[in-house]
Amino acid sequence: MDSPKQTVNFGPGPAKLPRSVLLEIQKELVDYKGLGISVLEMSHRSSDFAKIINNAETLVRELLAVPDNYKVIFLQGGGCGQFSAVPFNLIGLKPGRCADYVVTGIWSAKAAEEAKKFGTVNMVLPKLGSYTKIPDPSTWNLNPEASYVYYCANETVHGVEFDFVPDVKGAVLVCDMSSNFLSRPVDVSKFGVIFAGAQKNVGPAGVTVVIVRDDLLEFALPECPSILEYKVQAASGSLYNTPPCFSIYVVGLVLEWIKNNGGAAAMKRLNTIKSQMIYEIIDNSQGFYVCPVEPRSRSMMNIPFRIGNAKGDEALEKRFLDKTLELNMLSLKGHRSVGGIRVSLYNAVTVEDVQKLAAFMRNFLEMHQL
């Protein structure tokens, strides 16, 4: 059943959920599978919730071909919680408490600042004047004594995305995949830790998926809070404390939807089509739409651009945003730190949704280009 308004949500997170998933939630909200209660009021210790969380874990493992020597856990605290959890659990891997951070945007920069509370942070890249590219790995300054190498696979604010897995010479690789998790296939075996807040591609806010290699569970700092310790959470099956039960339930439904629609490879094909549709309009607009990100570092998930010139014509951008709201296209305003426009194209955003925006962008260009 379509929404009467046919609203299109381009929100950067929390983001659009598949409509079929929302309808399933609606159907089961009051009475989950004939139990007479909602998942919202279900005990996390019950056999019924055990089926829900085990199903979610099984689907993560299946969709990403997670090797057997990795734990999959569901935690609270979002990506920012993992900014602390990662050093708490891993910075003690080697003497000296040092970690490498590859900073390519706001979120990796925040993670690096947080890690400084726990040890020495080596900034792998030369300090960037702006976040518009991923510098060539040949320019990176990796510290062989670092306990791990950290990067963010997709920077939502600046629209910078890695299209490769960094070669870190056998070091433990940690990746924040919050905004492109399951938007494409990934070889989990190349990583020590992967974490992802669910609220972009795989569910609602409130739960973070963490995939951690077994041999990394023994190195938490003595002062690590139990709730953040991977070994504790893995040993308790993500039930050390009351987990975000409803969010995990919804994640399971979204993972089923991804599976039924062809898995991560199919998501990548669709995301490529969607992002190319918008980038082609930008690149063929003769400077009316300006994306600051170098083409090889452009994100499939988040496309930032300015209108009128590289710095943005605020009046034109306001007109653009006002008109998109009239047309029931939501959340296209750029992040408050950079301004402009940002189009977020997570898995649940359909090709038809993007075609509607693309048609508007072409019309807006024709009406305002000098």
Side-chain angles (χ1 to χ4, degrees), residues 10-15 78-83 86 99-115 121 123-137 139-140 148-166 168 173-184 186 191 193-202 205 208-209 268 271-272 274-275 278-279 282 290-306 310 312 331-347 349:
F10 290 104
C80 290
Q82 293 305 304
F83 295 170
V86 166
D100 280 344
Y101 275 72
V102 184
V103 175
T104 54
I106 281 180
W107 297 113
S108 49
K110 284 180 180 289
E113 282 301 308
E114 187 69 12
V121 169
M123 304 297 272
V124 170
L125 302 178
K127 187 169 177 61
L128 302 175
S130 60
Y131 298 127
T132 58
K133 65 178 181 179
I134 297 168
D136 190 284
T139 67
W140 296 11
Y148 61 88
V149 181
Y150 178 107
Y151 78 107
C152 178
N154 181 73
E155 292 280 2
T156 58
V157 173
H158 292 90
V160 174
E161 183 174 18
F162 283 76
D163 66 351
F164 63 96
V165 175
V168 292
L173 188 59
V174 176
C175 187
D176 174 359
M177 292 189 186
S178 291
S179 52
N180 65 355
F181 189 64
L182 280 168
S183 69
R184 60 171 73 204
V186 64
F191 298 87
V193 175
I194 292 169
F195 69 85
Q199 69 274 11
K200 315 288 189 180
N201 279 310
V202 293
T208 304
V209 182
K268 181 181 180 181
N271 290 327
T272 300
K274 293 184 298 185
S275 59
I278 301 302
Y279 283 125
I282 292 170
V290 181
C291 176
V293 182
E294 290 191 0
R296 72 176 188 86
S297 300
R298 285 177 171 178
S299 170
M300 286 199 302
M301 298 283 93
N302 311 97
I303 303 176
F305 62 90
R306 304 306 301 252
S331 301
L332 285 163
K333 187 175 183 179
H335 189 271
R336 60 188 178 278
S337 65
V338 296
I341 314 296
R342 174 172 52 167
V343 183
S344 294
L345 302 175
Y346 301 124
N347 286 347
V349 176

Do [X] and [Y] come close enough that some side-chain heavy atom pair is under 4.5 Å?
X	Y	answer
H335	P12	no
Y131	P292	no
W140	L125	yes
S179	T156	yes
D176	Y150	yes
F162	C152	no
V168	D100	no

query = Have N201 and S183 got a donor and an acceptor in their side chains that come within less than 3.5 Å?
reply =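 Absent: no donor and acceptor within the cut-off.
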request  = Would you kindly say whether S344 and N302 are connected by a side-chain donor-acceptor distance under 3.5 Å?
outcome  = yes
task = Decide yes or no on side chain to side chain donor-acceptor pair (under 3.5 Å) for K274 and N271, but give the supporting numbers first.
result = CA-CA 5 Å; K274 293 184 298 185; N271 290 327; 3.0 Å; yes
Value rounded to 0.5 Å, distance of CD in E113 from OH in Y101 =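 Rounded to the nearest 0.5 Å, the CD-OH separation comes to 11.0 Å.
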key: Gap separating the OG atom of S108 from the CZ atom of F83, nearest 0.5 angstrom   = 8.0 Å
query = Shortest non-hydrogen contact from V293 to P304?
reply = CG2-CG, 4.4 Å
